[in-house]
Each structure stands twice: as structure tokens, then as C-alpha cells.
2 protein chains.
Amino acid sequence: MKKTDAVAILSALAQDNRLDVFRLLVEAGPAGMPAGHIAASLRLPPSALSFHLDRLREAGLVTVCRNGRSMIYAARFEAMDLLVSYLTDHCCQGRPELCKPKTAQRRGAGQKPEPVR
Amino acid sequence: MKKTDAVAILSALAQDNRLDVFRLLVEAGPAGMPAGHIAASLRLPPSALSFHLDRLREAGLVTVCRNGRSMIYAARFEAMDLLVSYLTDHCCQGRPELCKPKTAQRRGAGQKPEPVR
DNA sequence: TTCATATTTCAAGGGATATTGAAATAAAGC
DNA sequence: GCTTTATTTCAATATCCCTTGAAATATGAA
């Protein structure tokens, strides 16, 4: 992941309404939900929601597909995984023993050579 | 974690220079590094660095302690862990089977009842 | 075609944020 | 006390971002 991608994701999430939208979509799961439902859930005017969904989409945090008159938005979990990897890259100079014990074991045993904290 | 805390963390990281600073400190590990070294590594003017470190500190992403004339900054990994938990809270309505298989197993087997994706 | 529904686009405003250099503070050494 | 080093504070400028409502687009139904 490039730095510009990470900044885009972080900027997209660093806003009250967008954070709410994204978490709502995370909760909704892969099926996603139509823009209208999001607007109703969060009491957002349609134009504001459209603006925010656009930013989330540009950052790669959500996908869209049309279903009749509705636009179905869904969270892209992959984007968040990549972001976390980017943030923890080269953690503690690659020396897990430097990480505090409690923190070091929080991530469990992944099958990929993920940076261990 | 409250929403305002999450937004603070995300806003703090959603900036080129601050993202560089944080990742440098993640790499440095618990020992941290003095502000001067950060400034030298990233070619940032001292006043700019001070501004950015302050924002990271207010967000709880770094800690500071004085050592002689130097200020030693270190990353607070806990903040990131809490943020990730906040983002994935109630994921897929708590039904792991809704998460895509590949993504669902990415996080390994944590000992906490962490939301599985 | 005409109407109703769902969402996006547009323009304008007010507010927050990053950058810079100079000046101020804080500690260490002579 | 004076000087040097390390970092922060301050003020000014420029830039970017969010919100709002009205108008426009797209689809489905009568």
C-alpha cells in the first residue's frame, strides 16, 4: 500500500458522519445496504450522504452497485486490513521481543508473515 | 472507545507528515526517539514537527517524556488496537459466516472475543 | 408519456487545518 | 551568569473541507 492510499483511507474515516456510515456498513456485512437506508438510519440529508459516500468510495472503503433505483453500498474489509498492515509495517525494527508481551500476542497466529507486534 | 476518540486518532493519522512520524515511531518501538531525530529523518522544520507531534499526542497515539534537553516520543500501540476494535465492532451483525472466507480467517485466533471478520 | 422515487450534482458559505519563520522557553555545560 | 542545544509557542497566510438546499439525473410504475 502506498502512502497516498493510506492517507486517503484515514482521511475518509476521520470524519464523524463518514465514520458512522462506514461502521453501519461494516455491521451490515457483505450484503451492504441502499443509500436511502443509510440516510434514514443516520438522519443525513441525501446530498450530504452522497458527498460522504463518494469520499469513502474514492478511498476504496466501500463498493457500490445499482439495484433498480437504489444504490447498494457495502464495506470493503480488505481496505482496512491493508491499512493496518501499512501502519504496523516494520514494527519494532522487526524484533517482536521489543513489543510489550501483552501487545505482542494480541494478533494471534496469522498464516501470513504478518508483522507481529 | 468513544466516537470522538476514534475520529481524533484517524484525523491525527490522516496527514502525510504525521503518518510518517507515527510509522517512524512504530518502527522505533517502545524505546521511542527524540524529536530532533524525527525532524532529521523526515526533514521537517522543528515548528512543524512540534505541531504534528502535539496532535498525535492529543489523540493518544504517542507518549512523551523528557530526557535532558530532548523530548523522547514513542508510539502507543494500544491506541491503534482500540481503534481497529472500534472499526470492526458488531461486524456482520456478529455472524462470522457472513464474512468472506478469505477475510474471515485473516485475524487468526485471538484469545479475546474479538469480532471475527 | 407522465408521475413518483432514489440518488447525485452544483454553487455558496463558514470553519477548520497546515506551513513558515521568528521569538520564547527549558535544560546542560563552561 | 552566559552560551549552546533542543524544542515549543506564536502570528500570519493559504488551502482544504463540510453543510445546505435547489436543481438535475436515473429508474420504475401507471
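Letters A, B, ... mirror the listed sequences (proteins, then strands); counts begin at 1.
Counting any heavy atom pair closer than 4.0 Å across all strands shown, A:Ala35 reaches sugar-phosphate atoms only and no base atom. Residue B:Pro46 is classed as a base contact, given a heavy-atom separation below 4.0 Å to a base. Counting any heavy atom pair closer than 4.0 Å across all strands shown, A:Ser70 reaches sugar-phosphate atoms only and no base atom.
Rounded to a whole Å, the CD1 atom of B:Ile72 is 12 Å from the C1' atom of D:dT7. Going from atom CG of B:Leu19 over to atom P of C:dT17 covers 18 Å, rounded to whole Å. The separation between B:Leu10 atom CG and C:dT17 atom P is 14 Å, rounded to whole Å. As rounded to whole Å, 14 Å separates atom P of C:dT7 from atom CG of A:Asp54. If you measure from atom CE of B:Met33 to atom C1' of D:dT7, you get 15 Å, rounded to the nearest angstrom. Straight-line distance from the CG atom of B:Asn67 to the C1' atom of D:dT7: 14 Å, rounded to whole Å. With rounding to whole Å, A:Phe51 atom CZ is found 12 Å from C:dT9 atom C1'. Rounded to whole Å, atom P of C:dG21 lies 15 Å from atom CG of B:Leu49.
Under 4.0 angstrom from either OP1 or OP2 of D:dT19 there lies at least one side-chain N or O belonging to A:His52. Listed pair B:Tyr73 / D:dT8 meets the phosphate criterion, a side-chain N or O lying under 4.0 Å from OP1 or OP2. Of the side-chain N and O atoms in A:Arg66, none sit less than 4.0 angstrom from OP1 or OP2 of C:dT7.
Set against D:dT8, D:dA22, C:dT17, the side chain of B:Ser47 has D:dT8 as its closest nucleotide. In this structure, the nucleotide among C:dT19, D:dC18, D:dT7 sitting nearest to the side chain of B:Pro34 is D:dT7.
With hydrogens and angles ignored, the 3.5 Å screen pairs a side-chain donor or acceptor of B:Arg23 with a backbone N or O of A:Tyr86. Side-chain atoms of B:Ser50 do not come within 3.5 Å of backbone N or O of B:Pro46 as any donor-acceptor pair. A side-chain donor-acceptor contact under 3.5 Å links A:Arg18 to the backbone of A:Ser11.
With B:Tyr73 as reference, B:Val64 is the one residue of B:Leu61, B:Val64, B:Thr63 to meet the side chain to side chain contact (heavy atoms under 4.5 Å, CB included) rule. Under the side chain to side chain contact (heavy atoms under 4.5 Å, CB included) test applied with A:Phe22, the options A:Leu53, A:Leu13, A:Asn17 reduce to a single match, A:Leu13.
No hydrogens or angles were tested; on distance alone, nothing pairs the side chain of B:Arg69 with the base of D:dT7 as donor and acceptor under 3.5 Å.
Nearest-nucleotide positions on DNA chain D for A:Gln15 and B:Ala48 put B:Ala48 closer to the 5' end.
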